[in-house]
Amino acid sequence: MTEAETLTLTNKIFQAIFAQDSPYNLDQLKAKFASDIQLPEAVLDSTTGETTYSAMPNAKSYITDANSGKWGESKGWLLPQRPVKGIKDVLQAWQEINYITTERVYDSENVAASDPIYHSQNVYNSTNCGGCKNIIFCDGTYDSESAIACQRSTGINFCLRADDSNTCSNSYHVICSAKISNSLFIQDASNLHECIFCSHINNQKYCIANMQFTEKEYFRLKPKIVQWILRQE
């Protein structure tokens with residue numbers, strides 16, 4: 001997925017959550033919302049020198065999944081047998097073939113700067129995600145669509161920063177919760193709609209900081225909270 005496609009998707013997700021376009025470029029978006037997520041980093045393919053992305057950035061040698069296949073077809077990965085006098089000779093041979101495979105993308109399309117990704121499409125700089133569509137800066141997210149900076153979550157749709165949660169939509173900063181919609185800053189809760197700054201409650205709507213408001217009062221306060229969230233320092 002190109003940076004332009006990623007920014008367009010970002011605006012769609014922000015509109016669904018905040019009713020406005022994103023005010024951030026990709027670097028700002030990543031710094032503000034995904035700085036603590038361990039995402040694939042840029043490394044160099046040791047065989048070609050080209051930039052690639054790996055979820056294991058501290059290795060010594062890399063090769064892209066595509067180039068690994070090409071190497072196997074053209075040269076083969078088996079080495080000719082040679083005299084081995086001890087562990088030093090074994091380690092030398094191992095070093096010659098021990099490349100960490102990067103950009104492992106399986107049964108997926110339009111994936112960029114990611115590793116590994118399974119059965120997904122339209123993915124940007126994400127890791128260990130499967131069954132997803134339109135995701136950015138995600139880790140351990142499955143069966144989800146249109147998500148940014150989400151971790152260890154399932155069934156996430158049009159969400160930004162959902163962690164350890166499932167079945168959430170149009171929401172921001174949801175932690176350890178389920179069945180959350182159109183809400184902001186929710187923790188350890190379930191079945192909430194249009195709630196903000198709520199924790200440990202269930203089956204509610206129009207609550208702010210666990211206090212019940214009328215619908216009119218709630219929507220008077222929500223734009224002010226959105227403005228505070230999206231302020232640029």
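The figures that follow rest on heavy atoms only: side chains count, while hydrogens, waters and symmetry mates do not.
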* Asked: Listed by chain and number, what are the side chain to side chain contact (heavy atoms under 4.5 Å, CB included) partners of Ala113, not counting sequence neighbours?
  ->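 Testing Ala113 for side chain to side chain contact (heavy atoms under 4.5 Å, CB included), a comparison that skips the adjacent residues, returns Tyr53, Asn125.
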Should [X] and [Y] count as side-chain neighbours, where that means a heavy-atom distance under 4.5 Å?
X: Asp164; Y: Arg152; answer: yes
X: Ile175; Y: Asp188; answer: no
X: Glu50; Y: Leu44; answer: no
X: Asn202; Y: Leu192; answer: no
X: Gln151; Y: Ile37; answer: yes
X: Asn128; Y: Asp115; answer: no
X: Gln121; Y: Asn134; answer: no
X: Tyr124; Y: Ile135; answer: no

Are more than 12 heavy atoms, taken from residues, nucleotides or ligands other than [X], located less than 6.0 Å from that residue's [atom1] atom?
X: Gln20; atom1: CD; answer: yes
X: Glu3; atom1: CD; answer: no
X: Leu79; atom1: CG; answer: yes
X: Gln38; atom1: CD; answer: no
X: Gln81; atom1: CD; answer: no

* **Of Pro40, Cys132, Cys129, the residue whose pairing with Ile117 passes side chain to side chain contact (heavy atoms under 4.5 Å, CB included)** =>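 The residue from Pro40, Cys132, Cys129 that satisfies side chain to side chain contact (heavy atoms under 4.5 Å, CB included) with Ile117 turns out to be Cys129.
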* Asked: Given Thr64, which of Thr48, Thr102, Val43, Thr51 fulfils the side chain to side chain contact (heavy atoms under 4.5 Å, CB included) condition?
  ->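 Filter result, single survivor: Thr102.
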* Please find out if less than 6.0 Å separates the ring center of Tyr118 from that of Tyr106. =>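 Centroid distance Tyr118-Tyr106: below 6.0 Å, so yes.
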* To do: Not counting sequence neighbours, list each pair that qualifies as a ring-ring contact (aromatic ring centres under 6.0 Å, His included) and has a residue in residues 139-182.
  =>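 Listed once each, the pairs are Phe18-Tyr172, Phe33-Tyr172, Tyr172-Phe185, His173-Phe185.
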* Residues in salt bridge (charged side-chain N to carboxylate O under 4.0 Å, His left out) with Asp163, at least two apart? ->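 Checked Asp163 against salt bridge (charged side-chain N to carboxylate O under 4.0 Å, His left out); matches are Arg161.
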* To do: Check side chain to side chain donor-acceptor pair (under 3.5 Å) between Asp45 and all other residues, then give those that pass, not counting sequence neighbours.
  =>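 So Asp45 forms a side chain to side chain donor-acceptor pair (under 3.5 Å) with Thr47, Asn67.
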* Indicate yes or no for a side-chain donor-acceptor contact from Ser120 to the backbone of Ser108 under 3.5 Å, with no hydrogens or angles considered. =>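 No: the side chain of Ser120 does not pair with the backbone of Ser108.
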* May I ask you to decide if Gly155's main-chain N or O and Ser144's side chain share a donor-acceptor pair within less than 3.5 Å? =>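 Such a contact is found between Ser144 side chain and Gly155 backbone.
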* Run the numbers on Glu5 and Asn122 for side-chain hydrogen bond (donor to acceptor under 3.5 Å, both in side chains), then give the verdict. => CA-CA 9 Å; Glu5 290 172 330; Asn122 305 334; over 6 Å; no
* Quick one: do Asn170 and Asn182 satisfy side-chain hydrogen bond (donor to acceptor under 3.5 Å, both in side chains)? Show the steps, please. => CA-CA 5 Å; Asn170 301 68; Asn182 299 73; 5.1 Å; no
* To do: Could you list the residues that satisfy ring-ring contact (aromatic ring centres under 6.0 Å, His included) with Trp71, not counting sequence neighbours?
  =>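 With neighbours one apart ignored, the set is Trp77.
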Got a list of side-chain donor-acceptor pairs under 3.5 Å for residues 207-215, not counting sequence neighbours?
from   : atom 1 : to     : atom 2 : distance (Å)
Asn210 : OD1    : Ser199 : N      : 3.0
Asn210 : ND2    : Ser199 : O      : 2.9
Gln212 : NE2    : Lys205 : O      : 2.9
Gln212 : NE2    : Tyr206 : O      : 3.3
Thr214 : OG1    : Glu217 : N      : 3.1
Thr214 : OG1    : Glu217 : OE1    : 3.2

* To the nearest 0.5 Å, tell me how far Ile63 CD1 sits from Asn98 CG. =>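 Rounded to the nearest 0.5 Å, the CD1-CG separation comes to 11.5 Å.
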